[in-house]
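Working notes, beginning with the structure itself.
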Amino acid sequence: MKLYYAPASSYSQRVLIALYEKDVKFTPIEVNLFDSESREIYRQINPFGKIPTLLTDEDSVLFEASIILEYLDKSFPHHCRLIPEDSQQALEVRLLERMVDVYVNTGREALFRDRQRPEAERNGKEVAKPKRLLETALILFEQKLANRTWLAGDEFSLADCAAAPTLTYLRMVYDYGYLANLTSYVRRLQARASVAKVFNSGREQMTRMLSELRYPLELVPII
Ligand SMILES: N[C@@H](CCC(=O)N[C@@H](CS)C(=O)NCC(=O)O)C(=O)O
């Protein structure tokens, strides 16, 4: 199995966390999307030019992080099930993962773009709606985490693989420290071996990318 990825890419990190959780052997292939020639070559594998992509041992090409995770969970069901067998619980896991993607990631990207505008142009109407939806999702997570270890319950799942990179990077542009359960949850995520391993290997690339921005940003550690 080959994984096309970049160490700092949040969608790549989601897949890497799952691979480490499941202790699956794979060949990592780093893609430099900032280089036009590498990007062109990579488009022959993934026409959208997005990372990650998984090339399976049966030569299937899979894109979209959540589809790759579904494949890994079905193919390697014996270590750490990411999607519960119980169909009701599986729906909850998929719903939470979708909320991370649709509301938290979209809000994070909108806030990130906003921080790359001159200060006088920030906080305009284009950011109001994604920010409101982001906050709605975070409050819902806060309520669910009042009596849960992981986002969907007692077991680490697909939803946590998605939430770990997203909530870690979100802190650069949005301080959710006022949400105590969510903050403790992110601490638990970052202490988990698979998540710590992924962040440690992505930190250098992310720190460099953030320092080269028009309005530089920094990773904000959770205290
Ligand atoms: N929907 C895709 C999103 C993947 C994605 O946006 N990856 C980013 C890196 S985190 C990327 O490839 N960006 C390059 C680009 O958009 O050109 C997935 O779930 O895998």
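As the structure lists them, so they are numbered: ligands from 1, and atoms in each ligand from 1.
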Acceptor/donor pairs from residues 125-139 side chains to any protein atom, 3.5 angstrom cut, sequence neighbours excluded:
residue, atom, partner, partner atom, Å
E135, OE2, Y174, OH, 2.7
T136, OG1, R132, O, 2.7

Between the side chains of [Y] and [X], is the shortest nitrogen-to-carboxylate-oxygen separation below 4.0 Å, so that they form an ion pair?
X: R14; Y: E64; result: no
X: R208; Y: E212; result: no
X: K22; Y: D73; result: yes

Less than 3.5 Å apart, which donor and acceptor atoms pair up between the side chains of residues 145-156 and the rest of the protein, not counting sequence neighbours?
residue, atom, partner, partner atom, Å
R148, NH1, E92, OE2, 2.9
R148, NH1, L151, O, 2.8
R148, NH2, E92, OE2, 3.1

Point to revise | All salt bridge (Lys or Arg N to Asp or Glu O under 4.0 Å) counterparts of R171, not counting sequence neighbours | key: none
Less than 3.5 Å apart, N/O on ligand 1 and N/O on the protein: could you list those pairs with the distances?
residue, atom, partner, partner atom, Å
ligand 1, 1 (N), E64, OE1, 2.8
ligand 1, 1 (N), E64, OE2, 3.2
ligand 1, 7 (N), I51, O, 2.9
ligand 1, 12 (O), I51, N, 2.9
ligand 1, 16 (O), K50, NZ, 2.7
ligand 1, 19 (O), E64, OE1, 3.3
ligand 1, 19 (O), A65, N, 3.3
ligand 1, 20 (O), A65, N, 3.0

